[in-house]
There are 2 protein chains.
Amino acid sequence: MADSRDTPFRYLTLLQLIPRHPHKIATTTLLEKLNERGYRIDMRSLQRDLRDKLALHFPLVCDDSERPYRWYFDRDFHCNLPALDTASALTLVLTEEYLKGLLPPAVAGRLDPQFRAARQWLNGLEGNGISQWSRRVRAIPNGKALLPAPLNDELWQVVAQALLEGKALEVRYLSRSRGEEKPMTLHPQGLVSRHSVTYLLAMANDYDDIRHFALHRIRAASFASQPLRQMAAFDLDDYIKAGAFGYRQSPDDVTLRARVSPQVAWLLSETPLTREQCLTPEPDSDWQRLDAQVPDDQQTLWWLMGMGANIEVLAPSHWCDEIYRNAQQVIQRMDAAYAVAPS
Amino acid sequence: MADSRDTPFRYLTLLQLIPRHPHKIATTTLLEKLNERGYRIDMRSLQRDLRDKLALHFPLVCDDSERPYRWYFDRDFHCNLPALDTASALTLVLTEEYLKGLLPPAVAGRLDPQFRAARQWLNGLEGNGISQWSRRVRAIPNGKALLPAPLNDELWQVVAQALLEGKALEVRYLSRSRGEEKPMTLHPQGLVSRHSVTYLLAMANDYDDIRHFALHRIRAASFASQPLRQMAAFDLDDYIKAGAFGYRQSPDDVTLRARVSPQVAWLLSETPLTREQCLTPEPDSDWQRLDAQVPDDQQTLWWLMGMGANIEVLAPSHWCDEIYRNAQQVIQRMDAAYAVAPS
DNA sequence: AGCGATACGACAATCCATGTCGCTGGTCAC
DNA sequence: GTGACCAGCGACATGGATTGTCGTATCGCT
C-alpha cells in the first residue's frame, strides 16, 4: 500500500514488524522486510529510526550482544490501535475472567498486555463516574471450575511453533504411569484444549498412530533436528467425532426425550441445548416435555445427571439405563456406608 | 511523553484517539485531546493529517454530514502493535472458540477484529509449513455447552456504557411472566456473566433493592435523562457470596470428604478442585480418598452429581442427603414410568 | 592479520510539514 | 433573508527534519 518514502508510516510498519520480548528481530531482517513492503530506504536511516526515534518513544529494547543488533519490545507493551471503547473493554475483562479457568496461566498470559490495557482504560473512566468497575463485573464459569494445570510460557511457545510452523519436537514426557520421564520425538498433528487441560495430538517416535500428550506433563521441549512427519489426511473434527477423545459415544446425534421441572424448563428456554430444541407444556403438571437432537457424548450425560431429580430422561434408552444404574449404585453404596457407620 | 511537535508520533496518537465504527469523534475534539497531550498544533494541520495522510493509509472514514466532521475507523479494522507471534495467535484462536459458547455473539463480536487478525496471521504461515492450522486446533468447552442467548450489539454498548460510565437506563424489559414488556428505569450496579447468560444487576425505578435483569430480555435500551442512583456500598463479590445469585448456599467453604474412583482421581490430580485439595490412596482398593475445602454452592454439587457412581460423598452431610434423596427420586420416578409403560 | 559486515557521527541537500491568509459553504439566531 | 460564526480547504513561503553519502570504529570469522 504505502510505497514511496513516507516517514511516519514507515515507523508504523516498523512497529508492526518488531515482536515482543522473547522474540527478537535483526536490523538487517527489518531492512529486508521494509524493502519487501516497498519502502526503498537506506540502512543508515533504519538505524536512526530505531535508536533515535522509536526507542525514545516506546519500550523498545536493543540487544547488542550479537552483531546485527536485535530489537524487541518490552514484555508487556501493548497498544490498541483503534482506541478501545467501553463495550470492548468490558468484553475483555469478562474474557479474562473466563479464560483464567479455561487455559493454563501461561497460555492466557499471552493476552495479558491486552487485558491490562483494558483495565487501564477502564480505570481512566473512574474520574468521571465513580464507577469502581472492578467491583461491578464478574464472570461465573460454566460448570464446576477446576484449576487449569500449570505450564510454563516457554513450553507453550515451543509447542505452538512446532504445531503451526511444522516442526518435530524433542520432549521429555511424564507418562501416566507415574514417575517415569521418557524422552521421545513428537510429530504434532493437532491441539485440543478441553476443560482446563490442553492436549497435543502427535505421533511419537516412529509410530504411525496418533496419541494425546497433556501439555503440562511435557517437561522439556525443543525443536528436533529431523523434519516433521505429517499424517496424510488428518482432520481434527473427524477425529473427535470418531470418538477418539472419549467424548462422543456414537458419531450420530441421538434424540433426547425428557420431562423437565419448571426451573429447568426456564433455564432451557433461555439457553437452549440446541438451536432446534422443543419444549411443550404437559397437560396435568407444571413440568414440560423436552425434545431435542443432542450429541451422544459424556458431556451431555453429565449435564443430565447433574440436573438430578429435576429432569426425567425418557429416551434414549441407554441413557435411561445409565442414569438408573448410577442412582442404584449411589444408594447401594451409601446404604452400605450408613450400615457400617450409622450417624 | 511525547511533547513537542513530532509528526510521526502525533499520527500515532491520533490513531489511538479515533474509535471504531459505531463511535465517532469530531475534528475539534481531536484537536483538544491533542493539545491536552502536549501537541501544540494548528487546526489546519490536523485537517491535513486526517484527510491527506491517515485516510490514505488506513480505513479511516469521514462523516461530513455534520459540520465539525466526524472521523471513525472501519468496523473491522484492527492493528496489533507489537507483532503477533505464533503462540499468541494460537491463544487467540482458542479464546475465540471458548468465547463462542460463553458470551452472546454480539459481545464476543467486539473482539472479532482481533480474532480475524490472528487467523490472517496464521494463514500467512501456511506458505512455509503446510500446516492448515484451522483443522488442527479445537477447544472443547467445559461442561455441557448451552447456546448463549442472542443479543444485539447496540444494546450491549448502551448497557456497558451505562454501567461503567455511571448512567441510568430507560429499558423495555420482558419480564419472566412471559409476554409482558414493561418499560422501566434501571440504575445499573453490576454485571454478571454466568454460563451463557449475562445479567445486569440494577435497581428498578424508585426501588432500593437490587434485581437481576437478563440482558437478552431487555428489548430496547437508551440512556435515561435522570442521574444514576448509586447503591452506597455495593460489592459484587460480597453480593454473590451472600448467596444473592442462588449460588452459594452458605458464605463459608465446606469440607468435602469423598471416595473417588481411579478415573476421577486421575482427573483431579491433573485439574484440582482447589489449590489445596488432598488425595490419598485407600488401603484396600484402587479408589482414593479426597479432602478439600470447596465453596458450598450449587455448581459444586452439580459437579459431584454429574460424577455419579464414580464418586462417593462422605461429607458434608447436607450434600450426602441431597445426593441420596436425589437418587431415590430418580429411581422412584423411573420405576413408576416402567410400571406404566414397561419396555 | 585481514576481510566483511554492521554501527555510528557528521554534513549538505532536499523534501515536507507547518502556520498563515483568504475564500467557500454550511448552520444558527434574529 | 441576512449576517455572524465556524469549519473545511487551497495556496504559499519558510524553517526544520529527513535522507543518502562518506569516513571511521568495532566485532566476528577465516
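So you know, we letter chains A, B, ... as the sequences are listed, proteins then strands, and number each from 1.
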**Message:** Taking atom OH as the centre, does Tyr207(B) end up with more than 12 heavy-atom neighbours from other residues, nucleotides or ligands that are less than 6.0 angstrom away?
**Reply:** no
**Message:** Once you measure the plane-to-plane angle for Tyr72(B) and His21(B), does it fall in the parallel (<30°), tilted (30-60°) or perpendicular (>60°) bin?
**Reply:** perpendicular
**Message:** With a cut-off of less than 4.0 Å, is there a side-chain N or O of Thr7(A) near OP1 or OP2 of dC16(C)?
**Reply:** no
**Prompt:** How many Å lie between CD on Glu66(A) and P on dG28(D), as a whole number?
**Reply:** 10 Å
**Prompt:** Please give, in whole Å, the distance from dG9(C) C1' to Asp52(A) CG?
**Reply:** 10 Å
**Request:** To the nearest Å, give me how far apart CG (Asp64(B)) and P (dG26(C)) are.
**Result:** 11 Å
**Prompt:** Backbone N or O of Thr91(B) within a donor-acceptor pair of the Thr95(B) side chain at under 3.5 Å?
**Reply:** yes
**Item:** dG19(C) phosphate, OP1 or OP2, under 4.0 Å from Ser45(B) side-chain N/O
**Value:** yes
**Message:** On DNA chain D, compare the nucleotides closest to Arg44(A) and Trp71(B); which residue's is nearer the 5' end?
**Reply:** Trp71(B)
**Prompt:** Would you find a donor on one side and an acceptor on the other, under 3.5 Å apart, between the side chain of Gln189(B) and the backbone of Met231(B)?
**Reply:** yes
**Request:** Could you work out which one of dA7(D), dC8(C), dG20(D) sits closest to the side chain of Ile41(A)?
**Result:** dG20(D)
**Prompt:** Nearest to the side chain of Tyr69(B) - dA7(C), dG19(C), dC9(D)?
**Reply:** dC9(D)
**Prompt:** How many Å lie between CG on Asp49(B) and P on dG19(C), as a whole number?
**Reply:** 10 Å
**Whole angstrom value for the distance that separates P of dA11(D) from CG of Asp42(B)** = 18 Å
**Asked** Among the nucleotides dG20(D), dA7(D), dG9(C), which one has an atom lying closest to any side-chain atom of Pro68(B)?
**Response** dA7(D)
**Message:** Distance check needed: dG8(D) C1' versus Asp63(B) CG, whole Å only.
**Reply:** 14 Å
**Asked** Counting just side-chain N and O atoms, does Arg51(B) come under 4.0 Å of either OP1 or OP2 of dA7(D)?
**Response** no
**Residue Arg48(A), side-chain heavy atoms: nucleotide from dC11(C), dA7(D), dG9(C) that is nearest** = dC11(C)
**Asked** According to the interplanar angle, ranging from 0 to 90°, do the rings of Phe77(B) and Phe58(B) count as parallel (below 30°), tilted (30 to 60°) or perpendicular (above 60°)?
**Response** perpendicular
**Asked** dC8(C) phosphate, OP1 or OP2: any side-chain N/O from Gln47(A) under 4.0 angstrom?
**Response** no
**Asked** Relative to the 5' end of DNA chain C, which residue comes earlier, Ser65(B) or Lys53(B), by the nucleotide with the nearest heavy atom?
**Response** Lys53(B)
**Request:** Please report, rounded to the nearest Å, how far the C1' atom of dT6(C) is from the CG atom of Leu30(A).
**Result:** 14 Å
**Prompt:** Separation of Arg67(A) atom CZ from dA7(C) atom P, in whole Å?
**Reply:** 6 Å
